[in-house]
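This chain uses plain numbering: 1 for the first residue, then up along the sequence.
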Amino acid sequence: MIPFLLIINVLTLGIFGFDKWQAKKHQWRISENTLLGISLLGGIIGAAMGMILFNHKVSKKSFLMKFILVVLIDLVLFYRLLRH
């Protein structure tokens, strides 16, 4: 489980960084649903780091609210996984 979480978080960080880079160049972007989906798969730490490091999506309140919901869902799922 730990190797999976490490890989998904590194990938998520890279995807957030790539999307920010594309945004600066006014190029094709990764959808918010994709960003949230990969975060939901277990990449919430990488996503949070990407948001902070790249200053990405931090001023968009609708995305932040959805991201908080994803974090809460992940926390509940991880808790249930650890209890069983």
Side-chain angles (χ1 to χ4, degrees):
M1 178 95 164
I2 299 292
F4 170 76
L5 290 175
L6 181 63
I7 291 168
I8 196 73
N9 278 288
V10 169
L11 281 172
T12 305
L13 176 63
I15 290 169
F16 270 73
F18 177 74
D19 189 51
K20 179 63 176 195
W21 182 54
Q22 290 289 86
K24 286 182 178 181
K25 296 187 329 178
H26 303 287
Q27 298 283 326
W28 168 86
R29 303 281 305 280
I30 297 171
S31 74
E32 285 189 0
N33 287 337
T34 300
L35 295 173
L36 292 167
I38 196 164
S39 300
L40 184 62
L41 286 174
I44 56 176
I45 294 171
M49 287 175 59
M51 291 168 69
I52 293 166
L53 287 173
F54 305 119
N55 196 30
H56 191 45
K57 299 283 187 193
V58 292
S59 62
K60 193 165 185 182
K61 291 191 190 290
S62 64
F63 183 84
L64 289 175
M65 295 305 292
K66 293 174 192 172
F67 182 71
I68 289 169
L69 181 61
V70 165
V71 169
L72 292 174
I73 291 169
D74 264 359
L75 290 175
V76 168
L77 291 175
F78 286 141
Y79 175 76
R80 291 185 56 94
L81 183 65
L82 292 175
R83 295 226 349 134
H84 288 91

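Every residue two or more places apart in sequence or in another chain that forms a side chain to side chain contact (heavy atoms under 4.5 Å, CB included) with Lys66 is listed here: Glu32, Leu36. With sequence neighbours excluded, the residues satisfying side chain to side chain contact (heavy atoms under 4.5 Å, CB included) with Ser31 are Asn33, Thr34.
When hydrophobic clusters are built by joining Ile, Leu, Val, Met, Phe, Trp and Tyr residues whose side-chain heavy atoms come closer than 4.5 Å, directly or via intermediates, Ile38 is not grouped with Met65. The hydrophobic clustering, which links ILVMFWY residues whose side-chain heavy atoms are closer than 4.5 Å, places Met49 and Ile52 apart.
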Show me the donor-acceptor pairs, under 3.5 Å and distance only, between side chains in residues 3-24 and residues at least two apart or in other chains.
unit_1	atom_1	unit_2	atom_2	d
Asn9	OD1	Ile45	N	3.1
Asn9	OD1	Gly46	N	2.7
Asn9	ND2	Leu5	O	2.7
Asn9	ND2	Gly42	O	3.1
Thr12	OG1	Ile8	O	2.6
Asp19	OD1	Arg29	NE	3.0
Asp19	OD1	Ile30	N	2.9
Asp19	OD2	Arg29	NH2	3.1
Asp19	OD2	His56	NE2	2.7
Lys20	NZ	Asn55	O	3.3
Gln22	NE2	Trp28	O	3.0

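When all heavy atoms of Phe67 and Ala47 are compared, the pair lying nearest together is CE1-CB, 3.5 Å.
A salt bridge (Lys or Arg N to Asp or Glu O under 4.0 Å) check over residues 33-51, counting only residues at least two apart or in different chains, returns nothing. The list of salt bridge (Lys or Arg N to Asp or Glu O under 4.0 Å) pairs with a residue in residues 8-17, not counting sequence neighbours, is empty.
Contact annotation: the side chain of Leu77 never approaches that of Leu81 to less than 4.5 Å [non-hydrogen atoms, C-beta and beyond].
Grouped with Ile68 in one hydrophobic cluster are Leu72, the linkage being side-chain heavy-atom contacts under 4.5 Å among Ile, Leu, Val, Met, Phe, Trp and Tyr residues. Taking Ile, Leu, Val, Met, Phe, Trp and Tyr as members and joining any whose side-chain heavy atoms lie under 4.5 Å apart, directly or through other members, Ile2 forms no hydrophobic cluster with any other residue.
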